[in-house]
Amino acid sequence: MASSATIQRVNDTHRWWQRGVVYQVYPRSFQDRDGDGVGDLPGILDRLDYLEWLGVDAIWLSPIFPSPMADFGYDISDYTDVHPLFGSLADLDRLIASLHARGMKLMLDFVPNHTSDQHPWFLDSRSSRQSPKRDWYIWRDARADGSPPNGYVAAFGGSAWEWDARTRQFYFHTFLKEQPELEWANPAVRAAMSDVLRFWFRRGIDGFRIDVITLLGKHSAIQVAPDSVVIDPAVADDPVRASQARTAQVWGDEPGTHEVVAAIRAVADEFDDRVLVGEVYLPVERLVVYYGSAGEGIHLPFNFQLLELPWEPQPILEAIDRYEALLPPNAWPNWVLGNHDRSRVASRLGEAQARIAAVLLLTLRGTPTVYYGDELGMPDVPISRDQERDPFGLMEPGQSRDPERTPMRWDASPTAGFTAAEPWLPIGPRVAELNVEEERSDPHSVLHLYRQLLALRRQERALSVGDYRSLGAESSVMAYERTSGAERFLIVLNLGHEPARVPLAARGLSGRIEVSTRVDREGSAFDDDFVLGPDEGIVVRPAIRAGRTA
Ligand code: NOJ
């Protein structure tokens with residue numbers, strides 16, 4: 001069994017989270033072992049052989065903690081336990097041990113911005129204005145006319161302020177009213193949340209993905225006089241202005257945020273070799289600030305650009321160059337193609353281009369995060385209104401995130417090997433072709449492509465930690481190279497559906513095609529006359545010519 005630990009180079013100074021590839025598991029949807037239609041930790045344990053076979057290095061689990069599930073676990077009522085739906089702390093310990101034995105890592109989801117309204121801290125806080133935990137949350141008086149302190153709107157509509165009739169004040173929530181926001185300016189909150197991190201680090205958790213980290217500084221608007229209206233409630237009726245206002249507000253990024261981030265980083269630094277990844281939906285020049293300048297930021301502020309850029313060579317290459325240029329010294333890049341909040345890559349780009357996206361994700365410089373099921377080419381699953389579960393979809397039609405959260409497909413059976421019961425969300429169409437069992441035996445499958453790319457990336461230093469250089473774009477094709485010393489790889493991607501030539505700057509090289517999105521090309525020769533097929537992406541190992549690398 002080849003674990004990452006055995007392959008790791010002895011002198012490599014790169015950390016595991018730089019060399020490795022992260023795989024996001026949405027626990028409700030990965031594997032149900034106890035037969036209730038919802039995935040669980042024993043289910044994940046059962047599937048570790050698969051993840052090791054696939055070749056990923058770390059797993060990030062979306063929240064598994066006790067929660068009323070108003071936002072499917074992003075509303076936590078106990079930060080230091082496991083929801084019985086998912087199993088027990090003992091199951092989690094087994095998962096940690098089993099992953100570590102395989103040379104793999106486990107990351108959890110840290111949700112510091114808000115708790116559940118059922119968390120004992122909030123129950124205490126709302127019990128009276130004199131509660132010692134009153135100022136753990138953000139409470140404000142109504143304005144003179146009884147309306148909320150300001151016009152802030154919640155992420156999915158309605159006021160961000162919820163009236164508490166008993167104590168006659170409003171509390172603040174960017175997301176659901178069931179997700180009241182913690183006041184991180186309060187040292188007691190910082191201390192309690194730091195202890196949460198320590199609890200898990202001591203248990204062997206290797207890192208955290210941090211939910212909406214950009215919100216922790218709190219909006220300056222909340223701190224000002226209660227009669228100031230920051231966002232006029234009138235915009236709520238104007239969809240464009242309301243959406244702009246929400247975007248600005250929901251992603252926060254108030255200056256005070258960085259001080260809170262530094263406090264969290266300091267806790268992680270009490271332990272060896274842990275990683276902090278943060279959810280940062282911000283323009284790239286503001287995103288890179290989350291790295292900090294001297295080890296006081298997070299290790300990997302998620303880079304979501306590939307979710308938003310037009311799927312065209314020039315803008316993508318420009319975005320890569322800009323991102324690389326803006327990275328602070330020693331900052332390590334990262335790339336994401338999908339997650340539990342965004343339409344799946346196979347649906348956004350179509351099946352053929354989703355393969356190109358896989359090559360891009362796994363050959364760019366920086367840590368890739370793979371969203372479960374994307375390695376199968378799973379599409380968004382249409383969910384009928386009566387089957388919808390996501391509260392945001394229920395509040396605002398068209399906003400549901402259920403389509404990208406449907407169960408993993410393990411085999412061609414009606415419930416895809418995910419559960420023996422009725423799955424919590426439908427499995428969706430085309431399960432007969434898009435499932436692990438089927439794709440494992442098909443060398444043309446997306447799964448095969450992912451596995452090959454992961455193996456090559458792991459084997460080749462140029463691909464895992466090497467330098468990146470753009471070789472430009474021409475028509476529908478983009479090219480770049482990755483190098484480490486004399487080792488070199490050329491990557492050429494056709495983002496179009498017609499055959500196309502290799503861009504000029506990438507010519508003058510000959511070599512062998514190591515990976516192609518078209519299986520019949522693998523192992524064949526590459527030279528200046530090479531014509532890429534429609535939707536073809538290739539990874540080429542250039543031949544070494546006498547005296548120089550070709
Ligand atoms: C971002 C998470 O990814 C999303 O799923 C959740 O609804 C919000 N944060 C609130 O926690």
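Atoms within each ligand, like the ligands themselves, are counted from 1 in listed order.
- Note on Arg401 versus Asp71: salt bridge recorded, some NZ/NE/NH1/NH2 to OD/OE distance being below 4.0 Å.
- Within ligand 1, the atoms closer than 4.0 Å to a non-hydrogen atom of Tyr74 are 5 (O), 6 (C), 11 (O), numbered from 1 in the order shown.
- Of the heavy atoms in Phe392, only side-chain atoms (C-beta onward) come closer than 4.0 Å to ligand 1.
- We find that Arg322 and Glu285 are joined by a salt bridge, their nearest charged nitrogen and carboxylate oxygen being less than 4.0 Å apart.
- Per-residue contacts place Asp341 under 4.0 angstrom from the following atoms of ligand 1 (heavy atoms of the residue considered): 1 (C), 2 (C), 3 (O), 4 (C), 5 (O).
- The existence of a salt bridge linking Asp46 and Arg33 is confirmed by a sub-4.0 Å separation between a basic side-chain nitrogen and an acidic carboxylate oxygen.
- Only side-chain heavy atoms of Arg209 come within less than 4.0 Å of ligand 1; its backbone N, CA, C and O stay farther off.
- Atoms of ligand 1 found under 4.0 Å from any heavy atom of His340 (numbered from 1 in listed order, with element): 2 (C), 3 (O), 4 (C), 5 (O).
- Atoms of ligand 1 lying under 4.0 Å from at least one heavy atom of Glu279, given by number and element, are 1 (C), 3 (O), 9 (N).
- Only the side chain of Arg405 comes within contact range of ligand 1, with a heavy atom under 4.0 Å; no backbone atom does.
- Using modelled atom types, one finds a donor on one side chain and an acceptor on the other under 3.5 Å when comparing Asn186 with Asp135.
- Every atom of ligand 1 is numbered from 1 in the order shown, and the set under 4.0 Å from a heavy atom of Arg401 is 4 (C), 5 (O), 6 (C), 7 (O).
- Not counting sequence neighbours, the partners of Ala263 by the side chain to side chain contact (heavy atoms under 4.5 Å, CB included) test are Arg190.
- Ranked by closest heavy atom to atom 2 (C) of ligand 1, the top entry among Asp211, Val212, Asn339 is Asp211.
- Checked for salt-bridge contact, Glu404 and Arg348 miss the test: no charged N lies under 4.0 Å from a carboxylate O.
- For the ring pair (Phe, Tyr, Trp, His ring centres under 6.0 Å) with Phe208, the lone residue among Phe110, Tyr79, Trp60 that qualifies is Phe110.
- Close approach of ligand 1 to His114 (heavy-atom distance below 4.0 Å) involves ligand atoms 10 (C), 11 (O).
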